[in-house]
Engineer: 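There's a structure below that I have some questions on.
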Amino acid sequence: METNTMSKIICYCKNITILEIEQAILKGAKTLDDIQAITSACTGNKCKELNPSGRCCSEDIKVILNDTGSKAISHCCCSK
Ligand code: FES
């Protein structure tokens, strides 16, 4: 991924970048639960108000997890 893309915010509730997600995966994160524990991304539950897309970042994070070959078997903050 390009540097500009990596510095892009992915979780607007917690101000977490794509780079921070990638770094969490490098530290061993394999699921959305792992990403939540390491970065606090996907724990904000104010997505409709804060995320310009109007939805939770969970699906975007799962795409990154799947891109790296990890399994994204977890629940986002909005479904708990
Ligand atoms: S955008 Fe990530 S928890 Fe709301």
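Hydrogens, waters and symmetry mates are skipped; everything else that's a heavy atom, side chains included, is used. Computed from a predicted structure; not experimentally measured. Order of appearance sets the numbers: ligands from 1, and atoms from 1 within every ligand.
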Engineer: Show the atoms of ligand 1 that are less than 4.0 angstrom away from any heavy atom in C47.
Structural biologist: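 Counting from 1, the qualifying ligand atoms are 1 (S), 3 (S), 4 (Fe).
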Engineer: Within less than 2.8 Å of atom 2 (Fe) of ligand 1, any N, O or S from C57?
Structural biologist: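 Yes.
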Engineer: Under 4.0 Å from a heavy atom of C42: give me the atoms of ligand 1 that qualify, with their elements.
Structural biologist: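 Listed by number with element: 2 (Fe), 3 (S).
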Engineer: Going by heavy atoms in the side chains, are T5 and I18 under 4.5 Å from each other?
Structural biologist: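 A side-chain contact under 4.5 Å exists here.
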Engineer: Distance check below 2.8 Å: does C13 bring an N, O or S atom to atom 4 (Fe) of ligand 1?
Structural biologist: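 Yes - counting backbone and side chain alike, C13 has an N, O or S atom under 2.8 Å.
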Engineer: Take every heavy atom of I10, measure it against each atom of ligand 1, and state whether any distance is under 4.0 Å.
Structural biologist: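 False for this residue.
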Engineer: Taking 4.0 angstrom as the limit and counting only heavy atoms of N51, give me the atoms of ligand 1 inside it, by number and element.
Structural biologist: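 What qualifies from ligand 1 is 1 (S).
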Engineer: Confirm or rule out an N/O/S atom of C11, from backbone or side chain, lying less than 2.8 Å from atom 2 (Fe) of ligand 1.
Structural biologist: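 Yes, C11 qualifies, because one of its backbone or side-chain N, O or S atoms lies under 2.8 Å.
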Engineer: Any idea which atoms of ligand 1 are less than 4.0 Å away from a heavy-atom of Y12?
Structural biologist: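 Answer, ordered by atom number: 1 (S).
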Engineer: Of the non-hydrogen atoms in N15 and E20, which two are nearest, and what is the gap between them?
Structural biologist: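 Heavy atoms only, the tightest pair is O-OE1, 3.8 Å.
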Engineer: For the backbone of N4 and the side chain of S7, can you confirm whether one donor and one acceptor N or O come within less than 3.5 Å of each other?
Structural biologist: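 Here the side-chain-to-backbone pair exists.
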Engineer: Do the side-chain N and O atoms of T31 and D33 include a donor-acceptor pair separated by under 3.5 angstrom?
Structural biologist: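 Absent: no donor and acceptor within the cut-off.
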Engineer: Could you tell me the separation between the SG atom of C56 and the CG atom of N45, rounded to the nearest 0.5 Å?
Structural biologist: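 Result: 7.5 Å between the selected atoms.
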Engineer: Could you check whether any side-chain heavy atom of R55 comes within less than 4.5 Å of a side-chain heavy atom of C47, counting everything from C-beta outward?
Structural biologist: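 When only atoms from C-beta onward are counted, C47 and R55 do not touch, as no gap falls below 4.5 Å.
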Engineer: Yes or no on salt bridge (Lys or Arg N to Asp or Glu O under 4.0 Å) for E59 and K62, after CA distance, side-chain angles and deciding distance?
Structural biologist: CA-CA 5 Å; E59 291 305 316; K62 285 178 184 177; 3.8 Å; yes
Engineer: Below a 4.0 angstrom heavy-atom separation, can you tell me which part of I16, side chain or backbone, both or neither, approaches ligand 1?
Structural biologist: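 The answer is neither; I16 stays 4.0 Å or more away.
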Engineer: For T43, take its heavy atoms, then give the atoms of ligand 1 lying under 4.0 Å from any of them.
Structural biologist: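 So the answer, numbered in order with elements, is 3 (S).
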